[in-house]
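First listed ligand is number 1; within each ligand, the first listed atom is number 1. Numbers here are sequence positions counted from 1. Owing to the predicted nature of the structure, the values given are computational and were not obtained by experimental measurement. Just so it is clear, the values below take in all heavy atoms, side chains as well, and ignore hydrogens, waters and symmetry mates.
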Amino acid sequence: MKITGVELRTVRMPLVSPFETSFGVQRERLAVLVRVVGTVSGAAAGGDRKGREVQGWGECVAMEAPLYNSEYAAGSLEVLRRYLVPLLFREVERTGGVTAENVESVLAPVVGHRMAKGALEMAVLDAQLRGSGTSFASYLGAVRDTVPSGVSVGIQPSVNALLDVVGEYVTQGYARVKLKIRPGWDVVPVEAVRNRFGDLLALQVDANAAYSLADVRTLARLDEFDLLLLEQPLARDDLRQHAELATRLRTPVCLDESITSVRAAADAIALRACRVVNIKAGRVGGYLTARRVHDLCLANGVPVWCGGMLETGLGRAANAALAALPGFTLPGDVSGSDRFYERDITEPIVMDDGQVAVPTGAGLGVEPIKDVLERFTVATEWVQAD
Ligand code: SMG
Ligand code: MG
């Protein structure tokens, strides 16, 4: 497609309740959305020679502050406007167009900023697929039309409060519960949840890199609660220590923050740093790389699941499509929109009987609702191709 311009929009959405992790408390979601506008011609436009206008949406999953990883929303906005979008424009000028499949290599001169790159690639892919009438799911290779829906539960003020919150999600029918843990909030809350809800509850924990190898005895105490996995216990850049820890635990170690690329995933598998991989498209630079991480894990017999970054309906729709690939054998953090938002910017993604439907419409299959989008928008800029 030819790209005529890119809109960069910042939205600020209140969360239904504060979300606390080992690195902080979040009360709202500040997100950068990318809208790519362009034209497609030839086969992609159904033989239309003149070119048909298309647009596509991308969502940058960087948080407001650089606490989950080094990226943050205002930084993503800056790198998009100043470097990434201009690189794409230059490519269109040089070759006459871009495809989602070459966005990664076009943006490769810029080091890092995977979440920003992933958002731009997602928008181009959405536009391209809307142009050809193909859904994200069928493009990526989905093999299911619904995906099991897990919920991520933040750190609570007390164990009783945690039991209430988990009880509510269990009643709603979530297929799996993930508890956020940190030193001082681990064995006791996990034991309480296991005792209250029984052995059949699919349960896992996520430390967001809050522990060190010196905590091995505490982490080993989690073994008795029969968890599906322990997610990112140690530092993001320490595969070797994760490998060491993994030999000391029965609970499978899963990596999230550490898996920033196909290469990182290959290293983690080779070093036996993890037995399970959390795949987040933004963290690895987009849905195309996410699919390659999936393919690598599948080929190595490593189960994967789809992570979440408190996405709006746009990212949530794409995640549901990704989670429908064959290697996603564990329930993902693909919850209903109402887990975080009273009002989503798209039609809400709904969890029903523990499942979320994979969208079937062209591209993402969902779109922002204009007045809702405007209500949450705090800034918009248009970057015009010259
Ligand atoms: O979108 O359901 C969701 C959130 C899932 O816990 C979740 N994500 O480390 O996996 C993770 C966290 C990252 C965001 S924490 C602010
Ligand atoms: Mg995580």
Which ligand 1 atoms are under 4.0 Å away from a heavy-atom of Asp206?
9 (O), 10 (O), 11 (C)
For Arg339, which part has a heavy atom under 4.0 Å from ligand 1: side chain, backbone, both, or neither?
neither
How large, to 10°, is the angle at the Mg ion (ligand 2) when you draw lines to OD2 on Asp256 and to OE2 on Glu231?
90°
Numbered atoms and elements of ligand 1 in range of Thr21, under 4.0 angstrom, heavy atoms
15 (S)
Asp344 and Ser337: side chain donor to acceptor below 3.5 Å
yes
Numbering as shown, the atoms of ligand 1 that approach Met63 to under 4.0 Å (heavy-atom distance):
14 (C), 16 (C)
Which of the ligand 1 atoms, numbered from 1, are nearer than 4.0 Å to a heavy atom of Glu231
10 (O)
Ligand 1 to Gln26, heavy atom cutoff 4.0 Å, flagged ligand atoms 16 (C)
Using the ring-ring contact (aromatic ring centres under 6.0 Å, His included) criterion, which residues pair with Tyr139? Sequence neighbours excluded.
none
Can you tell me if Gln232 has a non-hydrogen atom under 4.0 Å from ligand 1?
no
Distance-only donor-acceptor check, side chains Thr380 and Glu7, under 3.5 Å:
no
Ligand 1 atoms in contact with Asp256 (distance to a heavy atom under 4.0 Å)
9 (O), 10 (O), 11 (C)
Any side-chain donor-acceptor pair under 3.5 Å between Gln384 and Trp382?
yes
Distance-only side-chain donor-acceptor flag, Asp223 / Thr251, under 3.5 Å:
yes
For Phe23, the ligand 1 atoms with a heavy-atom partner under 4.0 Å come out as 15 (S), 16 (C)
Asn208, portion touching ligand 1 at heavy-atom distance under 4.0 Å
side chain
Side chains of Leu271 and Arg240 in contact at under 4.5 Å (non-hydrogen atoms):
no
Atoms of ligand 1 under 4.0 Å from any heavy atom of Phe19, numbered from 1 in the order shown, are 6 (O), 15 (S)
Side chains of Gln232 and Ser258, donor plus acceptor under 3.5 Å
yes
In short, Glu121 meets Tyr287 closest at the heavy-atom pair OE1-N, 3.3 Å
Can an N, O or S atom be found in Glu257 less than 2.8 Å away from the Mg ion (ligand 2)?
no
For ligand 1, the portion of Asp333 having any non-hydrogen atom under 4.0 Å away:
both
